[in-house]
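Index from 1, following the sequence.
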Amino acid sequence: MKADQLLEKSKQYMWLPFTQMSDYEQDPLIIESGEGVTVTDIYGNTYLDGYSSLWLNVHGHRKKEIDEAIQNQLQLIAHSTLLGAANVPSILLAEKLVKLVPEGLTRVFYSDSGATSVEIAVKMAYQYWQNKGHHQKTKFVTLSNGYHGDTVGTMSVGSIDLYHKVYTSLLFDALVIPFPAIYRHSSGDEQVVRDESLRELRSLFEEQHEEIAGMVLEPMIQGAGGMNTMPAGYLKGVESLCREFNVMLIVDEVATGFGRTGKMFAVEHEGIQPDLMTVAKGLTGGYLPVAATLATDEIYQAFYGTYEEMKTFFHGHSYTGNQLGCAAALANLEIFENESLIQQAADKGDLLTELLQDIKQLEHVGDVRQCGLMCGIEIVKNRSTKEPFPFEERVAYQCTLKMRELGLLTRPLGDVIVFMPPLAATTEQLAEMVAILEQAIREVTE
Ligand SMILES: *Cc1c(COP(=O)(O)O)cnc(C)c1O
């Protein structure tokens, strides 16, 4: 089929996620193939994948080992259900995950997207307390600007007005604690911001802990909320408050997991021990939709008993534990070992800090936030007052269109340009991508 025909059909039949379709009509993009850290469109234009195909890709596209693992699995079976039955790669992957995550997490519950993995964690935490007879512990605490997915349950524990406000009356109420964001805080001091937020959390727990089931957060850096980094010690502080007040700590590693922040999981930066942890995006190396919710033995045991005791966790999706996906995930995790990818990711994160120095100095860059290979560049109209450009000008979006012209793909979050290259990007590729970022920001904003 001719490229122009595909283009017309895409405009005629498709409705794309998180996309104003009039934008798509104006600046369409149709990817046909990928190789390494690049993707190519139907017209033969090649782009560097500066957002890892939306924060998923790890080793680049068409990674031989993962391709082969899927092909091999296809020789056996593509899918059979996990309801009441297991399958081979899902077992092996569960074992591997339990060995990788913080020690206390010993059980793996599969699903198929980041949102479902968090939805499951929220339902598990809720039912845990019900099964234990603490019927009043039903509320959830979240951080402002948190993002945990688009289902009604995960929007309820999310806190991004742009996405969630219109659904307010549909959602359950969560208790929102201000995220310890440094850039726009009057003190500009990490410790002040950290302690202020922890104080608020303490007083909330003091007042309401008997009604609080759990607290949900993204560790070290918030993704969709604008790439907001946490001050050192904050996560550890939250953990000890959760312990003190008997609140379940649910850590959403959907974006941060699998080396993205320079550690296998972001919780390792502060050595914390979640009660529930969710993983998705990088789990299959960016290949297939597999997600998992990891739980402690304490939680697992609260659901264990005879059927008549009515403690069963009644949740599951048609494609839960899909064999092709689990086989891809296994191959993905083997590459982490074989290529010492975590060390590489940490080193590349440090390199990126250096590369981003010039961008930090640009006239309309207010803040550059980074944790490993997860970065956000906040565009402002005025650096000293931190005044943003008018909403209608969509300056960050314009910057990303310019980047596309220059051969780099990414998407903005409001005024923040996201930069999240595949972990496999080489030093040279990282430098090339940052150079395009800089040129595009300059051309659009100056
Ligand atoms: C992307 C994301 C989700 C949602 O994952 P989906 O696979 O898009 O449903 C949840 N939590 C965090 C932190 C994310 O970044």
- Check for a donor-acceptor pair, side chain of H185 on one end and backbone N or O of A181 on the other, with a separation under 3.5 Å. no

- Message: Test your reading of the model: is there a side-chain donor-acceptor pair from R383 to the backbone of V365, 3.5 Å cut-off?
- Response: yes

- Message: As a quick check of understanding, evaluate salt bridge (charged side-chain N to carboxylate O under 4.0 Å, His left out) for E378 and R184, giving each step before the final call.
- Response: CA-CA 11 Å; E378 182 162 342; R184 286 173 195 278; 2.4 Å; yes

- Residues two or more places apart in sequence or in another chain: which of them pass side chain to side chain donor-acceptor pair (under 3.5 Å) with S144? none

- Query: Can you check whether M420 reaches L373 side chain to side chain, under 4.5 Å on heavy atoms?
  - Reply: no

- Message: Tell me whether E334 contacts the main-chain N or O of N338 through its side chain, where contact means a donor paired with an acceptor under 3.5 Å.
- Response: no

- For the residue pair L29 and L409, establish whether any side-chain heavy-atom pair is separated by less than 4.5 Å. yes

- Task: Ignoring hydrogens and angles, tell me if any N or O in the side chain of D161 forms a donor-acceptor pair with the backbone of K165 under 3.5 Å.
- Result: no

- Query: Is the closest side-chain heavy-atom distance between F179 and S197 below 4.5 Å?
  - Reply: no

- Where does the angle between the aromatic ring planes of Y319 and H79 fall among parallel (under 30°), tilted (30 to 60°) and perpendicular (over 60°)? tilted

- What are the two closest non-hydrogen atoms of S111 and T116, and how far apart are they? OG-OG1, 3.0 Å

- Query: Checking T19 side chain against M21 main chain: does a donor-acceptor pair fall under 3.5 Å?
  - Reply: no

- With a 4.5 Å heavy-atom cut-off, do L423 and Q344 have their side chains touching? no

- Task: Say whether D67 and Y287, considering side chains only, have a donor N or O and an acceptor N or O under 3.5 Å apart.
- Result: yes

- Going through the distances and angles, do R442 and E438 end up as a salt bridge (charged side-chain N to carboxylate O under 4.0 Å, His left out)? CA-CA 6 Å; R442 268 183 194 283; E438 178 173 349; 3.4 Å; yes

- side-chain contact (heavy atoms from CB on, under 4.5 Å) between H61 and I66, worked out: CA-CA 10 Å; H61 300 278; I66 305 181; over 6 Å; no

- Say whether, by atom type as modelled, one donor and one acceptor occur between the side chain of H269 and the main chain of T261 under 3.5 angstrom. yes

- Between Y163 and V166 the two heavy atoms that sit nearest each other are O-CG1, 4.4 Å

- Message: With rounding to the nearest 0.5 angstrom, report the CG to CD1 distance, L6 to I30.
- Response: 5.5 Å

- Note on the structure: In short, S156 meets V152 closest at the heavy-atom pair OG-O, 2.7 Å

- Item | Heavy-atom pair of closest approach, residues V434 and L355 | CG1-O, 3.6 Å

- Message: Checking the side chain of D150 only, and the main-chain atoms of A115 only, is there a donor and an acceptor separated by less than 3.5 Å?
- Response: no

- K281: partners by side chain to side chain donor-acceptor pair (under 3.5 Å), with sequence neighbours left out: none

- Query: Under 3.5 Å, is there a donor-acceptor pair linking the side chains of Q222 and N228?
  - Reply: yes

- Query: What is the minimum heavy-atom distance between E190 and A232, and which atoms define it?
  - Reply: OE1-N, 3.6 Å

- Message: I want to check something: taking the side chain as every heavy atom from C-beta on, are V418 and C375 in contact at a cut-off of under 4.5 Å?
- Response: no

- Check the pair K402 / E443 against salt bridge (charged side-chain N to carboxylate O under 4.0 Å, His left out), numbers first and verdict last. CA-CA 8 Å; K402 175 57 77 179; E443 283 187 25; 3.3 Å; yes

- Item | Point-to-point distance, once rounded to the nearest 0.5 Å, from CZ of R394 to OG1 of T400 | 8.5 Å

- What's the verdict on ring-ring contact (aromatic ring centres under 6.0 Å, His included) for F389 and H364, showing C-alpha distance, side-chain angles and the deciding distance? CA-CA 9 Å; F389 280 102; H364 293 285; 5.2 Å; yes

- Message: I'd like to check L283 versus V290 (side-chain heavy atoms, cut-off strictly below 4.5 Å). Are they in contact?
- Response: yes

- Determine, for E95 against K99, whether the closest basic-nitrogen to carboxylate-oxygen distance falls under 4.0 angstrom. yes

- Message: Against M215, only a single residue in V238, L241, V157, D275 fulfils side-chain contact (heavy atoms from CB on, under 4.5 Å); can you say which?
- Response: V238

- Query: Centre of Y183's six-membered ring, under 6.0 Å away, within 45 degrees of the axis: is that where NZ or CZ of K386 sits?
  - Reply: yes

- Item | Where D252 and V118 come nearest, the two heavy atoms and their spacing | OD2-CG2, 3.5 Å

- Message: Pairing donors with acceptors under 3.5 angstrom, does anything connect the side chains of N57 and S53?
- Response: no

- Indicate whether the side chain of S90 and that of N87 have a donor and an acceptor atom separated by less than 3.5 Å. yes

- For the side chain of R411 and the backbone of L54, is there at least one donor-acceptor N/O pair under 3.5 Å apart? no

- Task: Determine whether the side chains of Q343 and D347 contain a donor N or O and an acceptor N or O closer than 3.5 Å.
- Result: yes

- Query: Is there a ring-ring contact (aromatic ring centres under 6.0 Å, His included) between H317 and H315 once you walk through the steps?
  - Reply: CA-CA 7 Å; H317 302 276; H315 186 114; 4.8 Å; yes

- Between the CG atom in L401 and the CD atom in Q26, the distance rounded to the nearest 0.5 Å is 8.5 Å

- Message: Taking side chain to side chain donor-acceptor pair (under 3.5 Å) as the cut-off, I'd like each qualifying pair that reaches into residues 352-363, sequence neighbours left out, listed once.
- Response: T353-Q370

- Task: May I ask you to check whether E35 and T38 show a side-chain donor-acceptor distance below 3.5 Å?
- Result: no

- Task: Using atom types as modelled and distance alone, determine if a side-chain donor or acceptor of T293 lies under 3.5 Å from a backbone N or O of S117.
- Result: yes

- Task: Any pair with a residue in residues 315-330 that passes salt bridge (charged side-chain N to carboxylate O under 4.0 Å, His left out), sequence neighbours left out, goes on the list, sorted by first then second residue, please.
- Result: none

- In terms of side-chain heavy atoms, does T278 have a donor or acceptor partner in E253 at a distance below 3.5 Å? no

- Query: Would Y51 and F419 satisfy ring-ring contact (aromatic ring centres under 6.0 Å, His included), going step by step from the backbone distance to the final call?
  - Reply: CA-CA 6 Å; Y51 59 168; F419 183 48; over 10 Å; no

- How about S159 and N145: does a side-chain donor come under 3.5 Å of a side-chain acceptor? no

- Query: Do L333 and L97 come within less than 4.5 Å of each other through their side chains, counting heavy atoms only?
  - Reply: yes

- With distance as the sole criterion, is a donor-acceptor pair present between the side chains of T46 and T40 under 3.5 Å? yes

- Check side chain to side chain donor-acceptor pair (under 3.5 Å) between T284 and all other residues, then give those that pass, not counting sequence neighbours. none

- Donor-acceptor pair, side chain of E239 and main chain of Q273, under 3.5 angstrom: yes

- Do L93 and C326 touch side chain to side chain, with heavy atoms closer than 4.5 Å? yes

- Query: Considering residues at least two apart in sequence or located in another chain, which fulfil the side chain to side chain donor-acceptor pair (under 3.5 Å) criterion with S33?
  - Reply: none

- Message: Can you see whether S10 engages Y24 through a side-chain donor-acceptor pair at a distance of less than 3.5 angstrom?
- Response: yes

- Task: For salt bridge (charged side-chain N to carboxylate O under 4.0 Å, His left out), just list the numbers for D4 and K9, CA-CA rounded to whole Å, side-chain angles, deciding distance to a tenth of an Å, and then say yes or no.
- Result: CA-CA 9 Å; D4 287 342; K9 285 179 197 288; over 6 Å; no

